[in-house]
Amino acid sequence: MAVLLEYPSMRLIKYGYASAPPPIPYVPGFLAFREAPLLLKACLPVCGEADLLVVDGHGASHPRGLGIASHIGVVLDKPSIGVAKKRLAGGVVESGGEMLLVLHGQVVGVLLRVRGRSLYVSTGHRVSPRTAGRLVERMMRGGRLPEPTRIADMISHELVSRLRSSHCTRRSGEEQP
DNA sequence: GCGACAG
DNA sequence: ATCTTGTCGC
């Protein structure tokens, strides 16, 4: 699922999606091998108008410094940022009131605290760690996740729910007492 | 040996 | 991610 939002209003312009069985199982550190091909298909209708990609997952804060956020940015040749809900690699170092994500002695991202939860924001492609953090902060609208991720989650959940019930039950739109 | 391990 | 349990707010 990919959504195109206007910045800074964060209004939904349009979205794209694709569906297919997972090619391989999920293995930590290799998420892009499982999800990037389908995600790239979902991006086709919207990425041409996008100036920045916000990806659900890590970018440079990855065991080999190349998470799915970096992967997508490189393939689509767009600036990208990784926004993950859990730590994958590296550590957190406080510096000047900032929580920096450090990997192999390099600052690769920032840790944001949102509503008591952690958000691991990292460089994807052509965006510095601190700029990535600042941009994500400006895409927050009161939710636990930045608007691109939150809205994509919302729409994809609705799509899955509606598609599932219209495929496994009787005619869609019929009541179920 | 033990823990950690995006989605 | 998915699943289960518990808590809080409307």
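Letters A, B, ... mirror the listed sequences (proteins, then strands); counts begin at 1.
- The CD1 atom of A:I155 lies 10.0 Å from the CZ atom of A:R162; values are rounded to the nearest 0.5 Å.
- In the hydrophobic clustering of ILVMFWY residues, with side-chain heavy atoms under 4.5 Å counting as a link, A:L4 and A:Y15 come out apart.
- Using a 4.5 Å cut-off on side-chain heavy atoms (C-beta onward), A:Y120 and A:V83 make no contact.
- Ion pairing between A:D56 and A:R150 fails under the 4.0 Å rule for side-chain N and carboxylate O.
- For the pair A:L88/A:H62, a side-chain contact is recorded, criterion being any heavy-atom separation below 4.5 Å from C-beta on.
- A:R138 forms no cation-pi arrangement with A:Y7, by the criterion of a distance under 6.0 Å to the ring centre and an angle within 45° of the ring axis.
- For A:D153 and B:dG7, the CG to P distance is 10 Å, given to the nearest whole Å.
- Here A:R87 does not reach the OP1 or OP2 of B:dA4: none of its side-chain N or O atoms lies under 4.0 Å away.
- With rounding to whole Å, A:L38 atom CG is found 14 Å from C:dA1 atom P.
- Rounded to an integer number of Å, the gap from NE2 of A:H62 to C1' of B:dC5 is 11 Å.
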Original post:
Just the dot-bracket of DNA chain B, please: which string comes out with Watson-Crick or G-U pairs under 3.5 Å, [ ] for crossing, | for another strand?
Top reply: .......
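- The separation between A:L39 atom CG and B:dA6 atom C1' is 13 Å, rounded to whole Å.
- At most 12 heavy atoms of other shown residues, nucleotides or ligands fall within 6.0 angstrom of atom CD in A:Q106.
- Taking atom CD1 of residue A:I68 and atom P of nucleotide B:dC5, one finds them 19 Å apart after rounding to whole Å.
- A:G29 comes within contact range of at least one nucleobase, with a heavy-atom separation under 4.0 Å.
- B:dA6 atom C1' lies 14 Å from atom CG of A:L66, rounded to whole Å.
- Looking at A:C47 and A:L40, their side chains never come closer than 4.5 Å, going by heavy atoms from C-beta outward.
- Here A:F33 lies out of heavy-atom contact (under 4.0 Å) with every strand.
- Between A:K85 and B:dG7, a side-chain N or O to OP1/OP2 separation shorter than 4.0 Å is present.
- Side chains of A:S9 and A:E6: a donor-acceptor N/O pair is present below 3.5 angstrom, by distance only.
- One interatomic measurement links the two molecules: NE2 of A:H157 to P of C:dT2, which rounds to 7 Å at whole-angstrom precision.
- Heavy-atom distances under 4.0 Å link DNA chain B to no residue of residues 103-123 of chain A.
- Here A:Y26 does not count as stacked on C:dA1, because the ring centres are not under 5.5 angstrom apart with planes under 30°.
- Between A:G73 and A:L53, the shortest heavy-atom distance links the atoms CA-CD1, 4.2 Å.
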**OP:** Indicate for each nucleotide in nucleotides 3-10 of chain C, in 5' to 3' sequence, whether protein heavy atoms under 4.0 Å reach the base (B), only the sugar-phosphate (S), or nothing (-).
**Re:** --------
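- Taking atom NE2 on A:H58 and atom P on B:dA6, their separation rounds to 7 Å, with Å as the unit.
- For A:R11, the CZ atom counts as loosely surrounded, since its 6.0 Å shell holds 12 or fewer non-hydrogen atoms of other residues, nucleotides or ligands.
- A:V127 is not connected to A:V108 by any chain of hydrophobic side-chain contacts under 4.5 Å among Ile, Leu, Val, Met, Phe, Trp and Tyr, and they are in different clusters.
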